[in-house]
Number of protein chains: 2
Amino acid sequence: MREVAVRAGVSTATASRALSGNHPVPAATRARVLRAARELDYVANAHARALVGGGRKMAAVVVRQVTSPFYAQVAEGVEAEAADRGWLCVVGATGGDPQREMDFVRLMREEGARLVILVGGVVEDDAYRSRVAQYAQALDASGARLVLCGRPAPDPAIPALVVEFDNEAGARAITGHLLSAGHRRIVFLGGLPGNTALDARVAGYRAALAEHGLPPEAARVVNCGLGRPAGLRAMTELLKETREFTAVFAGDDMVAAGALRAIAEAGLRVPDDISVVGYNDIPLAEDFDPPLTTVRTPAEELGRAAVRIALRDPERGVGGRHVLGTHIVVRRSVAPPMAPPVRP
Amino acid sequence: MREVAVRAGVSTATASRALSGNHPVPAATRARVLRAARELDYVANAHARALVGGGRKMAAVVVRQVTSPFYAQVAEGVEAEAADRGWLCVVGATGGDPQREMDFVRLMREEGARLVILVGGVVEDDAYRSRVAQYAQALDASGARLVLCGRPAPDPAIPALVVEFDNEAGARAITGHLLSAGHRRIVFLGGLPGNTALDARVAGYRAALAEHGLPPEAARVVNCGLGRPAGLRAMTELLKETREFTAVFAGDDMVAAGALRAIAEAGLRVPDDISVVGYNDIPLAEDFDPPLTTVRTPAEELGRAAVRIALRDPERGVGGRHVLGTHIVVRRSVAPPMAPPVRP
């Protein structure tokens, strides 16, 4: 600790505080201490020291829920890539509870996992930033790597690798697809303010509207969050309130499933009356009624890339960020809009 | 070991062989040794001894793949029940590879998991029997419990609990539903000979046909296995070969998704031309085109029950078997058959 403090040009107490992650330390100072610690290959304790470069050949992947087809595909990608190397892979589900995330990451570190992969968008608040900094430091001290998959690194100096896909570009492209079909009144259904992944999709949606010369007030975002039940409920409400839209951009395919159901229950047809698009291209999106036009996100490849990049990057990927592409999959849920409805 | 041998009335060498699980020992002898070992609370080694009654508050659930909606729901049930108790839950996917299953179970035992839950039908061969006997003994010696979820206990004497649902009854009921609608030429699509879960569904299908007075040759089983691609391929082939059937009982909902697609691609309508039913009632089955009539299996409850029963049963559930019920969910994929086609 003394050596780290000297190298970083801070007091031993400050170095200790910065490394523990339990106390407030200015970001620049923390970054300096972390860099010094890495350079000295600082290892927090003897147990961890024994694991540096060693540890189990085990990758851990942490998702919100395994019943999300998107998360399950990412986890399967990690699993497949780990299995190809003869590694074990364990999956932890947090149900969105930070405490369970922390417990799981601690367990994995103690068990000597060499790779811990956190998947999925988050609300990037102070609690998140401090949590991830702690994970990164503790894992790094144990000789393990942290990969953030589809979520931001709160501080470029922390020893974590980011692998994600371009949420904003995908959203801009699919909104452009609706605009090209002639739609001008497009609702975004499934906003989740503060969540990094959804905010990026909303940003892409707004950017596409602007690119097509529409005023900002042309955007309408329904912040109902994700999941089929949320989509069903929000779409049912919206249809009671207004028919002043011709297309729906659902925040993900599960929201789209709920929206499709709500539209059918209202006696309307997709795409004749309303066009619907989704996000992710989950494996069953082509089995929806009608088959869903959506954004193919590289879910399995995201998981595979997280393993591959983490293992080949000699620098532990500090500040490393890898962005995968997305593309539109055109099926049968989009048609040109009907003539505007006559107002009552 | 001597005490165990004396109690079981066998030689020390035989007791050792029976407990190690690595050597052939007559089933009755093994059962006697296992019982004696349990009675003496035999613990294989000091490490394990330290864990008896202790260990991490951790449940481990092992499935073939997390991208299977059915397995994901079972895992989520385990997760939810574990979280309710403040336990951690880790999920392992084997891809169907026994070696990965063994590695994962060993890891979980070493890490002091108190509960290991193996999920899903298997080919019940000698390798399976010996593998599960080993798990059961090793986990029991560590003070942990083994639960077999939807798969058989190869030997009632091994210290494992079985929690399953009645595959045969569910299959009989849904086949009866098709028969009641007037169908007589029903194809079972998705057989997987040797797999305990699928064999039970085929048995239920055959039993229902027999109950309705149909001869054994009325049954037609296409052994294409599970998964959407398998269902799509097998249904496409079948439609090229014959139209001498009016209904399809798909081995699970993913097979049904593939079958629905194949039928649509052949220019036929469901249920007007062909009725289709599935198995499991995965969350998106109601979003298929048309919404799928299927057998609701208690996937999440299976996972929850595995945790609850294992933790409350003071006897470690030796030989315990708990069977959950299923029921039919009627949607829109079944109609009375059309008039028989005219033979060319």
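Each chain gets a letter, A, B and so on, in the order its sequence line appears, and its residues count up from 1.
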Close approach to chain B in [range], criterion heavy atom under 4.5 Å:
range: residues 249-269 of chain A; answer: A/Met254, A/Ala257, A/Arg261
range: residues 80-88 of chain A; answer: A/Ala83, A/Leu88
range: residues 89-106 of chain A; answer: A/Cys89, A/Val90, A/Val91, A/Gly92, A/Ala93, A/Arg100, A/Asp103, A/Phe104

Q. Of all residues at least two apart in sequence or in a different chain, which pass the side chain to side chain contact (heavy atoms under 4.5 Å, CB included) check with A/Ala305?
A.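 Per chain and number, A/Ala305 pairs via side chain to side chain contact (heavy atoms under 4.5 Å, CB included) with A/Val163, A/Glu301, A/Arg308, A/Ile309, A/Leu324.
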
Q. A/Tyr135 and A/Leu118: side-chain contact (heavy atoms from CB on, under 4.5 Å), yes or no, with the steps?
A. CA-CA 10 Å; A/Tyr135 299 158; A/Leu118 306 183; 3.6 Å; yes

(Q) For B/Phe70, run the side-chain contact (heavy atoms from CB on, under 4.5 Å) check against B/Leu226, B/Leu302, B/Val63 and tell me which one passes. (A)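 Checked B/Leu226, B/Leu302, B/Val63 against B/Phe70; only one passes side-chain contact (heavy atoms from CB on, under 4.5 Å): B/Leu302.
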
Q.
Please identify which of these residues, A/Leu148, A/Val62, A/Val307, meets the side-chain contact (heavy atoms from CB on, under 4.5 Å) condition with A/Ile117.
A.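 For A/Ile117, the side-chain contact (heavy atoms from CB on, under 4.5 Å) test succeeds with only one of A/Leu148, A/Val62, A/Val307, which is A/Val307.
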
About how many Å separate [atom2] of [Y] and [atom1] of [X], when rounded to the nearest 0.5 Å?
X: A/Met235; Y: A/Arg233; atom1: CE; atom2: CZ; result: 14.5 Å
X: B/Ser275; Y: B/Arg332; atom1: OG; atom2: CZ; result: 13.0 Å
X: B/Leu284; Y: B/Leu292; atom1: CG; atom2: CG; result: 11.5 Å
X: A/Thr293; Y: A/Ile174; atom1: OG1; atom2: CD1; result: 6.5 Å

Q. Would one find more than 12 heavy atoms of other residues, nucleotides or ligands at under 6.0 Å from atom CZ of A/Arg151?
A.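 Yes, the 6.0 Å shell around CZ holds more than 12 heavy atoms from other groups.
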
Q) Among A/Leu107, A/Asp287, A/Ile282, which residue forms the greatest number of heavy-atom pairs with chain B at distances under 4.5 Å? A)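 Most heavy-atom pairs within the cutoff with chain B belong to A/Asp287.
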
Q) Top residue by heavy-atom pair count (under 4.5 Å) with chain B, among A/Glu300, A/Gln73, A/Gln65? A)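 Maximum pair count with chain B is reached by A/Gln65.
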
Q. A/Arg228 and B/Glu286: salt bridge (charged side-chain N to carboxylate O under 4.0 Å, His left out), yes or no, with the steps?
A. CA-CA 11 Å; A/Arg228 188 183 185 283; B/Glu286 64 180 308; 3.5 Å; yes

(Q) Given 3.5 Å as the limit, does a donor-acceptor pair link the side chain of A/Ser142 with the main chain of A/Ala138, or not? (A)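 Such a contact is found between A/Ser142 side chain and A/Ala138 backbone.
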
Q: For a side-chain hydrogen bond (donor to acceptor under 3.5 Å, both in side chains) with B/Thr297, tell me which candidate from B/Asn280, B/Thr326, B/Asp281 qualifies.
A: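 Of the listed residues B/Asn280, B/Thr326, B/Asp281, the side-chain hydrogen bond (donor to acceptor under 3.5 Å, both in side chains) partner of B/Thr297 is B/Asn280.
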
Q) Which region of B/Pro290, side chain (C-beta onward) or backbone (N, CA, C, O), has a non-hydrogen atom less than 4.5 Å from a non-hydrogen atom of chain A, or is it both or neither? A)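 Answer is neither: B/Pro290 stays 4.5 Å or more from chain A.
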
Q) Looking at B/Ala234 and B/Cys224, what are the two nearest heavy atoms and their distance? A)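 Looks like CB-CB, 3.5 Å.
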
**Q.** Residue pair B/Ala144 / B/Ala113: nearest heavy atoms and the distance that separates them
**A.**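 Closest pair (atom of B/Ala144, atom of B/Ala113, distance): CB-O, 3.2 Å.
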
